[in-house]
2 protein chains.
Amino acid sequence: MLDDRDRKLLSLLQQDAETSVAQLAEAVNLSPSACSRRITRLREEGYILRTTAEVDRRRMGLPTTMFVLLRTSEHTADWLERLRAVAADIPEIVEVHRLTGNFDYILKIVLPNVEYYDVIYKQLVHRIRLHDVSAYISMETLKSDAPLPTHHA
Amino acid sequence: MLDDRDRKLLSLLQQDAETSVAQLAEAVNLSPSACSRRITRLREEGYILRTTAEVDRRRMGLPTTMFVLLRTSEHTADWLERLRAVAADIPEIVEVHRLTGNFDYILKIVLPNVEYYDVIYKQLVHRIRLHDVSAYISMETLKSDAPLPTHHA
DNA sequence: CGTGAAACTTTCTACTC
DNA sequence: GAGTAGAAAGTTTCACG
């Protein structure tokens, strides 16, 4: 399993994947060679899946975030796969979950502005039958892209 | 601004930040040196903020995702800062937005299991006054960590 | 912007203790 | 695991076309 050093490494690499092995080694009180071995192991054992570049949404002209809560009347496997396909096709949809309870699905979407939501909305309802759609604009992001907690049993 | 090659590079780097410059150069039909210059520029101009390691949630013992929709009766700056502080303190809360409309805030949380939600819930209500809290369990993730669309005006 | 080459940094991999 | 050292890989930068 993971010891404290492994967890620290995962925490640091989630913040900056380009930290040199030398720096990481110092942070966890290990030699660079031992540290390098650990990181290799963390990858091999699947703790680290990949590294990704984080792109500035505003700089890209996509400052707006919205959440969409969906209800459907069709609860078939076909419908689900259709939603999956639609979501995969629309890059503005960055996250989709099937939920328990009062709502069936939640979508997170990123947009150049609030008005652009209508474009996505039309694509959605055109391609899939929806019972109820309510959209919420994120006015302010208080926390995002936070690293995962690393101290669980 | 950005041309097609820049956009392609951003797209590729969002999927795998460790792609070698040689591979990237080939993908956008450029020489490695020219490609390296572009990537440096994309960083300098703030398109690329950082690179992060993506950690496997399940492997880390955090397979459960939940969304929490909040209503509050206090709409002061103080309350907002308090929520920000609480969210910053609780690593299981990975995302928080202030919303328009029917709900005031949305939280995304990651947990070892559904039961653990109670622990977070208690921390929340203990530290901040909430008017209404409803939680939704993600039963299935249809899309997540999708790269940003790169083809906007 | 391309090419080619050089300089540099960093990582990986023994081998030893 | 630590430490060292050598090898290898990749990146950046430069001069020049």
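Values below: all heavy atoms of this structure, side chains included; hydrogens, waters and symmetry mates excluded. Note on naming: letters A, B, ... go to the chains in the order of the sequence lines (proteins, then strands), and numbering restarts at 1 for each one.
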Trainee: For the pair Asp118(B) and Lys122(B), find out whether any cationic side-chain nitrogen is under 4.0 Å from an anionic carboxylate oxygen.
Mentor: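 Looking at Asp118(B) and Lys122(B), the cut-off is met.
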Trainee: Tell me, which of residues 26-53 of chain A have any heavy atom that sits under 4.0 Å from an atom in DNA chain C?
Mentor: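 Per residue number, the list reads Ser33(A), Ser36(A).
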Trainee: Side chains of Arg98(B) and Thr141(A): donor-acceptor distance under 3.5 Å anywhere?
Mentor: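 Not at all, the side chains of Arg98(B) and Thr141(A) share no donor-acceptor pair under 3.5 Å.
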Trainee: End-to-end bend of the helix from dC1(C)-dG17(D) to dC17(C)-dG1(D) (five-pair axes, 10° rounding)?
Mentor: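 Here the helix ends are tilted 20° relative to one another.
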Trainee: Salt bridge check, Glu81(A) against Arg84(A): does any charged N sit closer than 4.0 Å to a carboxylate O?
Mentor: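 Result for this pair is yes, salt bridge flagged.
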Trainee: For His97(B) and Phe67(A), I'd like to know if the aromatic rings sit close, meaning centre-to-centre distance below 6.0 Å.
Mentor: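 Yes, they do, as the ring centres are separated by less than 6.0 Å.
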Trainee: Check this for me, if you would: do Arg43(B) and Glu18(A) make a salt bridge, where the nitrogen-to-carboxylate-oxygen distance has to be below 4.0 angstrom?
Mentor: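 Yes, charged N to carboxylate O under 4.0 Å.
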Trainee: Distance check needed: dT11(D) C1' versus Leu13(B) CG, whole Å only.
Mentor: 14 Å
Trainee: Can you measure Gln23(A) atom CD to dT10(C) atom P for me and round it to whole angstrom units?
Mentor: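 Interatomic distance, CD of Gln23(A) to P of dT10(C): 9 Å.
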Trainee: Sequence neighbours excluded, which residues qualify as ring pair (Phe, Tyr, Trp, His ring centres under 6.0 Å) partners of Tyr47(B)?
Mentor: none
Trainee: Is it true that Asp3(A) and Arg38(A) have a side-chain N and a carboxylate O under 4.0 angstrom from each other?
Mentor: yes
Trainee: Are Arg71(A) and Asn102(A) linked by a side-chain donor-acceptor pair shorter than 3.5 Å?
Mentor: yes
